[in-house]
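Heads up, the thing below is written out as C-alpha cells.
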Amino acid sequence: IIMKEIQMFEPMVNHLESQGYEILEQHKGHEHGTDLVAQKDGKQLLIELKGSSAAKDVDFGTVIYQIMKQMKISGEEYAIGVTKDYETLVSRCMMPLQKLKIRMFMISENGVSQL
C-alpha cells in the first residue's frame, strides 16, 4: 500500500492528540521546518515523516539525517514516522536509533504504532 508523506500527517496528528500532545507546527510538502512539532508536559517532540518510496534505503537514510540535524536542544524529544514498507530497515537500525533516543512510529491508514 503506497502512502505519500502528505497522507501521513492526519493519522500522526490524531495519534499525538490522543496521547495528550498539542500540535504546534505542521510543515507539509516542501515547506521548510520539521514536519511536525508537538508539545506535552512542557517538552517538545520533533517528528520527521517519510512516505512510501522506490528508493527506501536512501529515503530512510535521509529521514534519519533530517531528524539528527534537528537535535540541538536537550530536553526536546525526537521521532521518525515511516510507512510499513520501511519495516525491515527500521528493524535493522532499531538499536542505534534507541541509543540516539529517536522514537519510531509506524504509520498506516489504520493508525499509528510506536515501535
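Positions are given from 1 along the sequence. Only this structure's heavy atoms are used, side chains among them; waters, hydrogens and symmetry mates stay out.
Shown here for K50 and D59, the closest heavy-atom pair between the two residues is CE-O, 3.7 Å. Of all the heavy atoms in M106 and T83, the pair that sits closest is SD-O, 3.2 Å.
Rounding to the nearest 0.5 Å places CD of E87 at 12.0 Å from CZ of R92. Separation of atoms CD (Q7) and CD1 (I2) is listed at 9.5 Å; rounding is to 0.5 Å. Distance check, rounded to the nearest 0.5 Å: OG of S113 to CD1 of I107 gives 9.0 Å. Put simply, NE2 on H27 and CG on D35 are 8.5 Å apart, with the number rounded to the nearest 0.5 Å. In this structure, the separation between CD1 on I6 and CG on L49 is 10.0 Å, given to the nearest 0.5 Å. With rounding to the nearest 0.5 Å, the separation of CD1 in I80 from CE in M104 is 5.0 Å.
Salt bridge present: R103 and E77 bring a charged side-chain N and a carboxylate O closer than 4.0 Å.
Residues V82 and L115 share a hydrophobic cluster, clusters being chains of Ile/Leu/Val/Met/Phe/Trp/Tyr side chains in contact below 4.5 Å. No single ILVMFWY cluster, assembled from side-chain heavy atoms under 4.5 Å apart, contains both I102 and Y21. Cluster annotation: V90 is connected to I67 through the hydrophobic network of ILVMFWY side chains, with a link wherever side-chain heavy atoms come within less than 4.5 Å.
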**Item:** Verdict with supporting geometry, T34 and E25, side chain to side chain contact (heavy atoms under 4.5 Å, CB included)
**Value:** CA-CA 8 Å; T34 307; E25 293 177 37; 5.7 Å; no
**Request:** Could you go through the side chain to side chain contact (heavy atoms under 4.5 Å, CB included) check for L97 and I64 one step at a time?
**Result:** CA-CA 9 Å; L97 289 169; I64 292 171; 4.3 Å; yes
**Request:** Step by step, work out the side chain to side chain contact (heavy atoms under 4.5 Å, CB included) result for I23 and L16.
**Result:** CA-CA 8 Å; I23 306 304; L16 291 169; 3.9 Å; yes
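Using modelled atom types, one side-chain atom of S53 and one backbone atom of A55 make a donor-acceptor pair closer than 3.5 Å. In this structure, the side chain of Y86 engages the main chain of G51 through a donor-acceptor pair within 3.5 Å. In this structure a side-chain-to-backbone donor-acceptor pair under 3.5 Å is present from S52 to M3.
Inter-residue side-chain proximity for L36 and L46 is flagged as unmet; no heavy-atom pair is nearer than 4.5 Å. Using a 4.5 Å heavy-atom cutoff, the side chains of F105 and M12 are in contact. Side-chain contact between L45 and K40: absent, with no pair of heavy atoms (C-beta onward) separated by less than 4.5 Å. At a threshold of 4.5 Å between non-hydrogen side-chain atoms, the residues M95 and K99 count as touching. Taking the side chain as every heavy atom from C-beta outward, I47 and Y78 never approach each other to under 4.5 Å.
Counting non-hydrogen atoms of neighbouring residues, nucleotides and ligands closer than 6.0 angstrom, the NZ atom of K43 reaches no more than 12 such neighbours. Counting heavy atoms of neighbouring residues, nucleotides and ligands inside a 6.0 Å radius, atom CE of M71 exceeds 12 of them.
Screening residues 10-20 for side chain to side chain donor-acceptor pair (under 3.5 Å), with sequence neighbours left out, gives no hits.
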